[in-house]
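In this chain, residues are counted from 1 in sequence order. From a predicted model like this one, the values you see are computed outputs, not experimental measurements.
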Amino acid sequence: MAVTVERVGDGIAVLTFSAPPVNLYSIEMHADFDRALDDVEASMPRALLIRAEGKIVSGGVDVSQFHDQKTLADTKALYDRMIELPDRVAALPIPTFFAAHALTLTWAFEVALACDIIVASEKAKFGLVERVIGLTPTMGGTQRLASRAGVGRAKEFVFTGALYDAATLERWNAINRVLPVDGFEDAVMELVTSIAIGPTKAFGAAKDILRHFEAGGVPEANAHTTAIASELFNTEDLQGGMESFLKDGPGNATFAGR
């Protein structure tokens with residue numbers, strides 16, 4: 001199986017994909033992702049980390065899958081299938097992380113952009129290089145990059161098809177953090193753990209509010225914020241967190257993710 005899920009630490013699921021030698025996207029790998037995400041959703045963790053095995057995160061997509069399509073309708077069906085993967089990741093109600101340790105091209109970067117937090121090593125590089133075959137990104141990368149970095153940056157990224165280093169994309173706000181190569185995996189897990197032990201339902205509520213913001217700006221988000229936030233009233237974490245604050249002061253509450 002090209003995609004596995006391991007449960008570690010305080011409610012963390014680590015989803016690892018590996019399709020040597022360069023982790024190309026294929027329909028078969030996508031099916032493995034679906035099975036792995038079924039596992040994640042069947043027993044929802046408090047955080048999900050997506051990572052890759054190998055010298056690089058991914059060299060892109062198996063182009064033969066595009067070339068094998070003989071009609072526009074078949075091509076559209078393939079693209080409809082492909083975009084389901086990042087959309088499914090984006091819909092998860094828990095904090096999601098993507099760890100990019102090295103070169104991350106096309107589909108893998110598009111999945112990363114569907115995660116809440118992208119962490120990269122200093123040697124990582126990123127690209128949406130579909131221009132080399134006369135295509136545009138098909139898995140939401142263009143628009144998700146625009147949401148993070150702005151429309152102008154997204155156009156530059158896609159039009160040039162160039163590789164951009166992690167420091168540049170951090171400056172653009174396209175990725176969240178750049179970490180040293182040495183100790184990268186441990187540092188990533190430390191970050192994931194620090195968030196996984198927090199109030200998971202409240203984080204999910206924040207994600208819901210931000211989805212409304214992305215759909216319609218501040219007015220749209222404001223129209224839904226109070227309803228979303230009030231749903232947290234019955235959570236164990238909010239009730240316990242308030243009691244802890246009043247009894248012991250801020251910063252002493254522990255959360256169960258319920």
For this session: Consider only side-chain heavy atoms of I, L, V, M, F, W and Y, link residues closer than 4.5 Å, and tell whether L72 and V63 are in one cluster.
Result: no
Problem set entry | Linked, directly or transitively: I133 and L78 (ILVMFWY side chains, under 4.5 Å) |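 Yes, it is one cluster - the side chains of I133 and L78 are joined through contacts under 4.5 Å.
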For [X] and [Y], test the side chains for any donor-to-acceptor distance below 3.5 angstrom and give the result as yes or no.
{"X": "S147", "Y": "E214", "answer": "yes"}
{"X": "D237", "Y": "T235", "answer": "no"}
{"X": "E156", "Y": "Y164", "answer": "yes"}

Exercise. Do R81 and I27 have side chains that get closer than 4.5 Å, going by heavy atoms?
Worked result: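 Touching, per the 4.5 Å side-chain cut-off.
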For this session: Report yes if some heavy atom in the side chain of F98 is under 4.5 Å from a heavy atom in the side chain of L49; otherwise report no.
Result: no
Problem set entry | Aromatic ring proximity W107/F17, centre distance under 6.0 Å |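 Between F17 and W107, which both carry aromatic rings, the centre distance is below 6.0 Å.
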Exercise. So, for Y79 and F66, is the gap between ring centers shorter than 6.0 Å?
Worked result: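 Judged by ring-centre distance (under 6.0 Å), Y79 and F66 do meet the cut-off.
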Between the main-chain N or O of [Y] and the side-chain N or O of [X], is there a donor-acceptor pair closer than 3.5 Å?
{"X": "S230", "Y": "T226", "answer": "yes"}
{"X": "E110", "Y": "G141", "answer": "yes"}
{"X": "N176", "Y": "I118", "answer": "yes"}

Problem set entry | E185 and R51 ion-paired at < 4.0 Å |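 R51 and E185: salt-bridged.
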Exercise. Does D34 pair with R88 as a salt bridge, N-O distance under 4.0 Å?
Worked result: yes
Please say whether more than 12 non-hydrogen atoms of neighbouring residues, nucleotides or ligands are located less than 6.0 Å from [atom1] in [X].
{"X": "E190", "atom1": "CD", "answer": "no"}
{"X": "K70", "atom1": "NZ", "answer": "yes"}
{"X": "R7", "atom1": "CZ", "answer": "yes"}

Problem set entry | Rounded distance [0.5 Å steps], NE2 in H101 versus CD in E122 |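 Those atoms lie 15.0 Å apart.
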Exercise. Knowing that exactly one of D208, D116, I94, I195 qualifies, which makes a side-chain contact (heavy atoms from CB on, under 4.5 Å) with F203?
Worked result: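 When D208, D116, I94, I195 are each tested with F203, the side-chain contact (heavy atoms from CB on, under 4.5 Å) holds only for I195.
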Exercise. Stepwise, does the salt bridge (Lys or Arg N to Asp or Glu O under 4.0 Å) test hold for R35 with D38?
Worked result: CA-CA 5 Å; R35 284 188 283 270; D38 286 344; over 6 Å; no
